[in-house]
Number of protein chains: 2
Amino acid sequence: MRSRLRERVAADITLSDEPGKTMRKWREEIGTSQYDLSKEMNVSPSVISDYESGRRPSPGIKTVRRIVDALMRLDELSGGKFSKEYEGVENEGILDIKEFPVGIPADIFVKEIDGVSVAENVPPTNNVNGYTILDSLKVITGMSSADYHKIYGWSSQRALIFVGVKFGRSPMVAIRAHPLRPAMVVYVRPERVDPLAVKLAELEKVCLVRTELEVPKLVDRLSRL
Amino acid sequence: MRSRLRERVAADITLSDEPGKTMRKWREEIGTSQYDLSKEMNVSPSVISDYESGRRPSPGIKTVRRIVDALMRLDELSGGKFSKEYEGVENEGILDIKEFPVGIPADIFVKEIDGVSVAENVPPTNNVNGYTILDSLKVITGMSSADYHKIYGWSSQRALIFVGVKFGRSPMVAIRAHPLRPAMVVYVRPERVDPLAVKLAELEKVCLVRTELEVPKLVDRLSRL
DNA sequence: AACTCACATCGGCAATCAACGAATACGCCC
DNA sequence: GGGCGTATTCGTTGATTGCCGATGTGAGTT
């Protein structure tokens with residue numbers, strides 16, 4: 001019952017500067033209307049609107065729970081796009097996923113993988129809590145939008161490491177389309193990095209890094225951390 | 001700023017059935033008094049007491065944030081036992097730590113590692129979100145109590161896998177002493193499993209499993225999941 | 001143009017919360 | 001017993017939320 005998604009959504013709303021916007025983000029992500037959500041919670045639709053618009057800026061945690069749980073139920077009803085977690089797990093696109101026991105300062109992370117920051121505007125700051133290594137092509141062709149949140153494992157404060165990158169546009173576009181946002185994006189031996197990718201990274205305030213290390217070497221380095 | 005601990009504490013409080021008790025748990029874990037916490041938040045001590053005792057059962061998320069952030073600050077002040085995350089990271093005791101991209105049903109997890117449940121009372125149910133492989137001895141001798149939460153990575157809903165176990169008493173005692181609780185404890189090739197360990201597992205409602213697989217084999221199996 | 005659907009806005013009342021402070025209780029140590 | 005630090009209880013006061021229902025708006029149909 002205590003799915004990860006539930007905890008993540010709850011923390012996200014609770015710690016958000018604008019809980020309303022965050023609530024809306026998740027509602028839209030689940031793909032339901034204010035009306036349906038309100039019915040699931042047995043309240044009037046205006047209640048949802050009041051929260052989302054910010055008129056009610058600090059809901060009680062009881063309310064947050066009701067909302068989160070209603071969202072989970074709605075997801076379940078509509079086929080459980082998000083909550084049905086295990087089903088053989090053929091995540092073709094995910095090559096490796098790991099969390100660090102402790103957060104690692106981003107600049108140290110970059111150094112460790114011989115990385116070079118390519119987005120001037122967004123220097124490696126903050127912490128990195130984990131990483132996911134992805135096969136760019138398979139992710140884009142093979143994963144449904146609802147699967148995307150799986151690549152974030154725990155903590156979205158992580159590095160998404162793409163291998164098989166040509167110009168680095170598609171990965172950034174995909175990230176832009178998704179409500180969750182990684183702390184860092186790493187391209188492994190890209191042919192080149194398109195200026196548009198850099199621009200998108202700066203827009204999204206995501207630190208963009210390239211490295212010339214090969215994957216096995218990379219994994220080795222990372223496992224040392 | 002957005003440390004993992006912060007998110008975890010926030011989610012824990014927000015989703016708790018008894019937010020007061022949860023708040024108290026974390027305050028005590030950080031090791032501060034109601035008085036000091038109240039001063040840090042610029043409120044009267046009775047406010048804290050009111051929350052913790054349950055008179056105020058559903059604090060607004062604004063309040064939750066203030067409390068969580070005050071706790072983080074207090075931790076920082078007292079040397080950052082919890083928040084100082086990176087410091088070379090010599091977590092001798094942690095052999096491996098990983099999160100699954102999706103939660104895995106506990107019974108499947110057990111089957112996958114040729115495990116045998118030894119606590120009748122607590123069958124493998126729920127999901128397992130990740131695992132941590134630990135060197136029992138080093139954990140017990142080498143880690144300070146404040147380091148313990150690191151072994152939970154993200155999601156406490158995980159399997160703690162102990163190698164080098166003799167009777168399995170100390171690991172269970174350590175778990176009992178800590179506020180976080182794993183979903184499952186696995187002993188790798190233990191000499192034997194003491195009845196007391198079983199009893200403690202049942203008390204804590206933690207699923208207890210033993211396996212005869214060797215560590216490399218185990219890691220291999222787990223990485224397939 | 002009339003009709004939906006999704007969402008926003010607003011007034012308003014009851015319920016709840018936020019916060020204080022003073023009184024009270026529970027150790028524990030001289 | 002007396003003092004000290006800590007936690008609890010509780011009455012009280014604004015302030016805010018919880019919730020409703022009516023009304024508005026704006027995009028998309030038909």
Side-chain angles (χ1 to χ4, degrees), chain A residues 9-10 12-71 73-75 77-78 81 145 179, chain B residues 9-10 12-75 77-78 81 179:
Chain A
V9 175
D12 204 15
I13 293 175
T14 303
L15 293 176
S16 169
D17 285 328
E18 289 152 312
K21 284 197 180 159
T22 308
M23 283 170 46
R24 163 169 293 151
K25 182 184 84 178
W26 284 106
R27 176 177 59 76
E28 288 175 343
E29 186 60 19
I30 298 285
T32 189
S33 70
Q34 288 188 342
Y35 182 82
D36 287 342
L37 176 57
S38 73
K39 285 307 129 189
E40 183 62 35
M41 294 170 64
N42 288 314
V43 298
S44 149
S46 68
V47 173
I48 309 297
S49 174
D50 279 348
Y51 285 124
E52 291 190 0
S53 70
R55 182 154 87 127
R56 209 74 53 197
S58 173
I61 64 174
K62 211 168 60 187
T63 310
V64 173
R65 255 195 27 189
R66 282 210 296 160
I67 292 171
V68 172
D69 287 337
L71 284 174
R73 259 176 284 135
L74 284 169
D75 176 52
L77 280 172
S78 71
K81 286 190 301 187
S145 90
Chain B
V9 175
D12 204 14
I13 293 175
T14 303
L15 293 176
S16 169
D17 285 327
E18 288 151 314
K21 284 198 179 159
T22 308
M23 284 170 45
R24 164 169 292 149
K25 182 183 84 179
W26 284 107
R27 177 177 60 76
E28 288 175 343
E29 187 59 18
I30 299 284
T32 189
S33 69
Q34 287 187 343
Y35 182 83
D36 287 342
L37 176 57
S38 73
K39 286 308 129 191
E40 183 62 35
M41 295 170 63
N42 288 313
V43 298
S44 148
S46 63
V47 173
I48 309 297
S49 174
D50 280 347
Y51 284 124
E52 290 190 359
S53 69
R55 183 154 90 126
R56 200 93 309 134
S58 173
I61 64 174
K62 211 169 59 188
T63 310
V64 173
R65 253 192 31 187
R66 282 211 297 158
I67 292 170
V68 172
D69 287 337
L71 284 174
M72 298 298 106
R73 258 175 285 135
L74 283 169
D75 176 52
L77 281 171
S78 71
K81 285 189 302 186

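In the text below, chain A, chain B and the rest are named by the order of the sequence lines, each starting its count at 1.
Across its full length, the helix from C:dA1-D:dT30 to C:dC30-D:dG1 shows an angle of 30° between the axes of its 5 terminal pairs at either end, rounded to 10 degrees.
Here C:dA22 is the nucleotide among C:dA8, D:dA7, C:dA22 with the atom lying nearest to any side-chain atom of B:Ser46. Of the candidate nucleotides C:dA6, D:dA7, D:dG18, D:dG18 has the atom lying nearest to any side-chain atom of A:Pro59. Side-chain proximity of A:Ser44 to D:dG21, C:dC20, D:dA7: nearest is D:dG21.
For the pair B:Asp36 and B:Arg27, the salt-bridge criterion is not met [side-chain N within less than 4.0 Å of a carboxylate O].
Judged by distance alone, the side chain of B:Arg65 and the main-chain N or O of A:Ser16 form a donor-acceptor pair under 3.5 Å. In this structure, A:Ser58 contributes its side chain and B:Gly60 its backbone to no donor-acceptor pair below 3.5 Å.
The CZ atom of B:Arg73 sits 9.5 Å away from the CG atom of B:Leu37 when rounded to the nearest 0.5 Å. Here the straight-line distance linking atom CD1 of A:Ile13 with atom CH2 of A:Trp26 works out to 9.0 Å at 0.5 Å rounding.
Distance A:Gln34 CD to D:dG24 P: 19 Å, rounded to the nearest Å. Rounded to whole angstrom, the span from the CD1 atom of A:Ile67 across to the C1' atom of D:dT17 amounts to 12 Å. Between A:Arg65 atom CZ and D:dT17 atom P there is a gap of 20 Å when expressed in whole angstrom units. Rounded to an integer number of Å, the gap from A:Leu37 CG to D:dC19 P is 12 Å. The separation between B:Ile61 atom CD1 and D:dG18 atom C1' is 15 Å, rounded to whole Å. We find that NZ of A:Lys62 is positioned 14 Å from C1' of D:dT16, with the value rounded to whole Å. Distance A:Met41 CE to D:dG18 C1': 10 Å, rounded to the nearest Å. In this structure, B:Lys39 places its NZ atom 14 Å from C1' of D:dA7, rounding to the nearest Å.
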Mind running side chain to side chain contact (heavy atoms under 4.5 Å, CB included) on A:Tyr51 and A:Thr63 for me, showing each step along the way?
CA-CA 10 Å; A:Tyr51 285 124; A:Thr63 310; 3.4 Å; yes
Show, in sequence, the C-alpha distance, side-chain angles and deciding distance for A:Arg66 and A:Val43, and conclude whether the side chain to side chain contact (heavy atoms under 4.5 Å, CB included) test is met.
CA-CA 11 Å; A:Arg66 282 210 296 160; A:Val43 298; 3.9 Å; yes
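Counting heavy atoms from C-beta outward, B:Glu40 and B:Thr32 have side chains that stay 4.5 Å or more apart.
Residue contacts shown for B:Pro57 are limited to sugar-phosphate atoms, with no base heavy atom under 4.0 Å away.
At the phosphate of D:dT6, neither OP1 nor OP2 sits under 4.0 Å from any side-chain N or O atom of B:Arg24.
For DNA chain C, the residues of residues 47-56 of chain A within the heavy-atom distance limit of 4.0 Å (strictly under) are A:Ser49, A:Asp50, A:Ser53, A:Arg55, sorted by number.
When A:Lys21, A:Lys25, A:Gln34 are each tested for a side-chain hydrogen bond (donor to acceptor under 3.5 Å, both in side chains) with A:Glu52, only one passes: A:Gln34.
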